[in-house]
Amino acid sequence: MAMISVQNLVKERKYPFIFALAILLVSATIFFLYSNNLQSLTFSLGDLQKSNPTASKPSQNATISPDTTQKVDDANDDTKSDDSNDSNSSNDYENNNTTITNIDNNDHNNLLIVDLKIKWVACKGPVAVDYIPCLDNSQAIKELKSRRHMEHRERHCPQPSPRCLVPLPNGYKVPVPWPKSRDMIWYDNVPHPKLVEYKKDQHWVIKKGDFLVFPGGGTQFKDGVTNYINFIEKTLPSIEWGRHTRVILDVGCGVASFGGYLLDRDVITMSFAPKDEHEAQIQFALERGIPATLSVIGTQKLTFPDNAFDLIHCARCRVHWDADGGKPLMELNRILRPGGFFVWSATPVYRDDDRDRNVWNSMVALTKSICWKVVAKTVDSSGIGLVIYQKPVSSSCYEKRQESNPPLCEQQDEKNAPWYVPLSGCLPRLPVDSMGNLVGWPTQWPDRISSKPPSLTTLSDAEEMFIEDTKHWASLVSDVYLDGPAINWSSVRNIMDMNAGYGGFAAALIDLPYWVMNVVPTHTEDTLPIIFDRGLIGIYHDWCESLNTYPRTYDLLHASFLFRNLTQRCDIIDVAVEMDRILRPGGYILVQDTMEMVNKLNSVLRSMQWSTSLYQGQFLVGNKGFWRPK
């Protein structure tokens, strides 16, 4: 059979046939390309989740359209779940097969949804509403051999990660906006009355009608927290709040009024306390819009870098600093910047009974052994006293000690990232640059935010990269983030950057009424010292595990190219469940990543009845509703 030649067709002027043939070839090509693209974006349940023994069971489809209900009473799914399982395990949902759905192009810019057919269920148990997987692992806590050093307050993550959704408290409402929230929050959002009664004489928190009110009192703030803050600076003017002293740590912070009121002085405070009998104190702080995290000085290093904080504060924080050979105080020494201050307001400073005198004598010996010097000690008009210590700025004191006890750390000891690392019994060497010169104090605030960080590497192009990164985020935030995506920024206060890099995203928001918790993942380059140098705060974390925070504590989660590497180590479903746990109803996510990761994450979020859209073909914007499974 002779081949049909296009040239012969032209000669014979069979134009209709040529046109039809061309249409057929174009259509076939488009179909071929779309099929290949669809195949590359199709992923089975095995690609999305860990092996699940219930996966073969029949299940119902979860409704994909987002729920916009604003009342908790109406926000529960009518789907029945098996209440006989009291554990919050990874088997708390079912999945059958998957279906590809192409969302309307006009509304969602061609996002692809994999209908996972997940039947989500609510977390169960007495702490379900406030469930923190790595701190509420009761089975692991029961099996501990010792609780002497606060082991029961440390992280004990369940394996596999729970895949249930945390329910809402009855009557939960959209949080009170900042700055009003500093002084009052909805009681129903954090319905914990214990501190109201326990601390009623110290004015930590008072219940008034539907609200919890925070009058600015505290155990050591008898004349109010504002007077206490002024008293510290008057005692030692070189502290200079908001210029010389910018980044501080408040140990055993209570409801974080100290950090909340320091915001007026351009000071950012990382307030922390354990999840203990002072019920929900960190949850109160975050609901108020004040930076805070759950942590404890126990057997492991805090998740902060060396030489991070300008000042550390402890007001009756109930830490035995001389315990275990002084390791708790040596941990503060590790994270305190050379030349930084430790403000200790506690009864051993100003009382003279036998117990307090013994504690004070132990503190004198311990601080001398680590070369801290007393720069101020005083008592205020209310009878409350404090002492202020300063960490050395030179190694000469270490070298002149009669006994090297505690010893200086070996160089290799200092390279361990503080993630599940035991407390050290040695003193870290003071930081030096590549020329061997001691690293100095950062530039005064506010110039500090854009100045070259002292801990930035001295490689030839490091400073240029830092400057370009700062410019990139300033432009992206002003021209894209704040202008375009469907985010109601007026409802935002607490922000988390899940992959913070140099902290450029947070720096670009510095003049707006938000604060950012900068997270540096443990499997990426360690840039957290640079973030602290800039006058910002942050923590180390592994996103393959649950975060040390209460549910519903952030208004916006930001992630720039986090998932493409993360999903090589853990499942994107587990990360999405954790994002759902820590984000408030009505809160947002803003994610930039590969389209493969965007589509996978989008599918999981839609299965949890979030609304999602793709902005400018690359930014996934998600909005969590009030829907919760029963």
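Just so you know, these numbers come straight off a predicted model, no measurement behind them.
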Is any side-chain heavy atom of Y398 closer than 4.5 Å to one of S404? no
For F221 and W204, I'd like to know if the aromatic rings sit close, meaning centre-to-centre distance below 6.0 Å. no
Applying side-chain contact (heavy atoms from CB on, under 4.5 Å) between I312 and each of V251, D250, I248, report the one that passes.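 Between I312 and the candidates, side-chain contact (heavy atoms from CB on, under 4.5 Å) is satisfied uniquely by V251.
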SG atoms of C253 and C317 less than 2.5 angstrom apart: no
P529: what forms a side chain to side chain contact (heavy atoms under 4.5 Å, CB included) with it, not counting sequence neighbours?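 Expected list: P305, S455, D526, Y540.
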Is the Lys NZ or Arg CZ of K373 less than 6.0 Å from the centre of Y389's six-membered ring, within 45° of the axis? no
Quick one: is the NZ or CZ of R534 closer than 6.0 Å to the six-membered ring centre of Y502, and within 45° of its axis? no
Please say which of R246, R448, R337 ends up in a salt bridge (charged side-chain N to carboxylate O under 4.0 Å, His left out) with D533.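 The residue from R246, R448, R337 that satisfies salt bridge (charged side-chain N to carboxylate O under 4.0 Å, His left out) with D533 turns out to be R337.
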Does the pair [X]/[Y] count as a salt bridge with the N-to-O cut at 4.0 Å?
X	Y	result
E233	R265	yes
D264	R182	yes
R581	D130	no
D380	K234	no

